Amino acid sequence: MADTPIYAEAISRLFPAQPDCQVDRLNTGLINYSFKVTHPVTGQAVLLQQINHHVFPEPRQVQDNFMQLWDYKVRRAPSLQLPEPLLFSDGQSLWRDSEGRYWRAFVFLAHTKSLKVPQSPRQASATARAFGEMTAILDGFDSSRLHEVIPGFHDLGLRYRQFEEAVRGAWALRRERAAPLIESLQDRVGYRDFFLALKASPAYPLRVMHHDAKIANVLFDDRTGEVVCLVDFDTVMPGRFFSDLGDLIRSMACSEDENSTRFADLHVRRDVYRAILSGYLEVMAGHLTIQEKEHIHFSGLALFYMQALRFLTDYLQGDRYYLISYAEQNFDRALNQVTLLKNLEGFLKTDYNFTLPETK
């Protein structure tokens with residue numbers, strides 16, 4: 001007898017009277033298991049997801065965050081673009097099966113597509129505008145109500161402490177190999193110091209941030225090319241002004257992604273950077289404080305610096321967190337991010353006359 005599919009119980013709670021649904025595995029996303037489930041009679045299509053409890057140890061908090069946003073949309077902000085959640089037969093939006101797996105479901109959005117990289121500056125601008133619209137619309141929402149599902153996720157102070165600990169406890173050969181990168185990151189401790197200062201200042205308030213802002217988390221209409229909605233709200237949490245914009249710059253403005261070892265060719269694409277900034281500020285400029293706008297370019301710098309710290313920390317600790325396909329990959333990823341960070345620093349100084357936070 002064949003093994004029962006892991007999704008069988010969940011489908012029976014979505015369509016109790018019709019278990020013989022068509023199920024297609026979706027290869028979208030790197031964390032959760034996703035399936036398209038189609039009812040054989042009505043043709044209703046559902047996106048069914050199993051939340052990865054190894055990455056998110058409190059799935060109920062993840063779902064509660066999303067449902068709070070959905071409730072706010074229904075009551076106060078109909079223009080907020082969110083995927084529509086569905087309820088299981090028990091009336092809840094999250095269901096736990098007999099094996100302890102957590103499931104949720106959404107209306108499947110037909111005629112949509114997601115992209116890995118922007119195909120034009122215009123597309124990058126539209127993506128940035130969509131993330132900015134989310135935060136702008138939720139300006140009246142009390143972000144403190146959201147659970148911090150990954151504590152310290154974009155806390156530059158925490159990431160720097162983890163980096164320092166990794167340097168002290170590193171294997172001698174790896175510390176020696178990484179010495180120039182370690183020095184580059186230590187020389188830029190001013191970014192950490194600036195973060196700690198803004199964290200303590202009321203001029204940089206907590207806002208609702210997606211915390212995984214990239215074009216892959218935007219659905220586009222495959223007929224018109226227009227944005228339909230954002231997806232993957234697992235990491236939506238309170239955050240500072242730089243988080244989503246910085247993620248957008250780090251994920252879209254680079255000439256190549258974080259796994260590229262073509263270090264001599266790595267650079268920040270200036271036209272895409274400008275498009276991201278323009279699209280985001282088109283909707284967020286009226287919501288940001290004077291100080292946030294003054295330091296808006298800190299966004300990309302902070303995320304490149306933070307990711308470089310995280311990759312090098314993992315390398316020094318023996319590759320515990322990020323999956324690797326060869327021994328030096330986390331070192332190469334850190335070098336990639338430091339290279340792009342330096343390129344962005346030069347670009348901002350020449351093109352925007354931006355004053356960088358003081359470094360050693």
Side-chain angles (χ1 to χ4, degrees), residues 14 24 26-38 44-49 51 56 62-87 93-94 103-120 122-141 143 146 149 207-237 239 243-245 247-248 251-252 275-276 279-284 287:
L14 278 173
D24 299 296
L26 302 177
N27 294 319
T28 56
L30 301 176
I31 295 176
N32 300 317
Y33 294 107
S34 299
F35 306 90
K36 179 185 178 183
V37 180
T38 306
Q44 179 185 4
V46 170
L47 174 65
L48 178 67
Q49 285 189 326
I51 297 178
F56 299 104
V62 172
Q63 188 65 5
D64 183 63
N65 279 355
F66 179 80
M67 293 307 293
Q68 285 196 63
L69 299 190
W70 179 258
D71 179 65
Y72 188 82
K73 167 188 170 64
V74 171
R75 291 187 301 105
R76 296 185 56 185
S79 62
L80 181 62
Q81 297 174 315
L82 297 175
E84 182 179 352
L86 296 172
L87 303 182
S93 66
L94 186 71
W103 297 87
R104 63 186 174 188
F106 301 92
V107 171
F108 187 86
L109 295 171
H111 304 297
T112 62
K113 64 180 180 180
S114 61
L115 304 169
K116 291 185 178 180
V117 294
Q119 297 166 348
S120 66
R122 181 176 176 274
Q123 218 167 47
S125 178
T127 298
R129 189 165 57 250
F131 281 98
E133 284 173 349
M134 182 205 78
T135 298
I137 292 171
L138 291 169
D139 205 21
F141 179 88
S143 66
L146 297 175
V149 293
R207 304 178 180 280
V208 178
M209 289 285 154
H210 187 281
H211 282 104
D212 195 12
K214 57 187 179 184
I215 199 167
N217 283 334
V218 178
L219 290 183
F220 292 87
D221 189 305
D222 62 12
R223 299 157 298 186
T224 67
E226 298 300 313
V227 170
V228 175
C229 69
L230 304 182
V231 295
D232 195 356
F233 287 83
D234 294 349
T235 53
V236 68
M237 294 179 284
S243 283
D244 283 358
L245 179 57
D247 256 343
L248 290 165
S251 65
M252 293 199 296
I276 293 169
Y280 196 77
L281 289 178
E282 184 178 324
V283 290
M284 277 298 293
H287 297 268

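Just so it is clear, the structure is predicted and the values come from calculations on it, not from any experiment.
- Atom-to-atom distance recorded for Gln49:CD and Asp232:CG is 7.0 Å, nearest 0.5 angstrom.
- In this structure, Val37 and Phe108 have side chains that are not in contact, with every pair of non-hydrogen atoms separated by 4.5 Å or more.
- Of all the heavy atoms in Pro78 and Lys73, the pair that sits closest is O-NZ, 3.0 Å.
- Nearest heavy atoms, Leu82 versus Cys229: N-CB, 4.3 Å.
- Looking only at side-chain heavy atoms (C-beta outward), Arg104 and Pro85 stay at 4.5 Å or farther from each other.
- Within the 4.5 Å cutoff, the side chain of Phe233 has no heavy atoms near those of the Asn65 side chain.
- A distance of 13.5 Å separates NE2 in His211 from CG in Asn217, rounded to the nearest 0.5 Å.
- Taking CZ of Arg76 as the start and CZ of Phe141 as the end, the distance is 10.0 Å to the nearest 0.5 Å.
- One N or O on the side chain of Thr235 and one on the backbone of His210 form a donor-acceptor pair closer than 3.5 Å.
- Remark: Asp64 pairs with no residue by the salt bridge (charged side-chain N to carboxylate O under 4.0 Å, His left out) rule, at least two apart or across chains.
- Annotation: the span from Met134 atom CE to Met284 atom CE amounts to 9.0 Å, rounded to 0.5 Å.
- Here the side chains of His287 and Thr135 are not in contact, with every heavy-atom distance at 4.5 Å or above.
- The side-chain heavy atoms of Met237 and Leu146, taken from C-beta on, include no pair separated by under 4.5 Å.
- In terms of heavy atoms, Leu248 sits closest to Ala128 at CD1-CA, 3.7 Å.
- When all heavy atoms are compared, the tightest approach of Met252 to Ala124 is CE-O, 3.6 Å.
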Residue pair Leu80, Leu138: steps toward the side-chain contact (heavy atoms from CB on, under 4.5 Å) verdict: CA-CA 8 Å; Leu80 181 62; Leu138 291 169; 3.9 Å; yes
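- Using the six-membered ring where Trp is involved, Phe35 and Trp103 have ring planes that are tilted, between 30° and 60° apart.
- Contact record, Ala213 with Asp244: CB-O, 3.5 Å, taken as the closest heavy-atom pair.
- Atom CZ in Phe220 sits 3.5 Å away from atom OG1 in Thr127 (nearest 0.5 Å).
- With contacts defined as side-chain heavy-atom distances shorter than 4.5 Å, the pair Ile51/Leu94 qualifies.
- Using a 4.5 Å heavy-atom threshold, the side chains of Ser34 and Leu47 count as touching.
- Val231 and Ala216 make their closest contact through CG2-O, 4.5 Å (heavy atoms, listed as atom of the first residue, atom of the second, distance).
- For the atom pair NZ (Lys214) and NZ (Lys116), the distance works out to 11.0 Å, reported to the nearest 0.5 Å.
- Phe131 is listed as a side-chain neighbour of Leu230, based on a closest heavy-atom distance under 4.5 Å.
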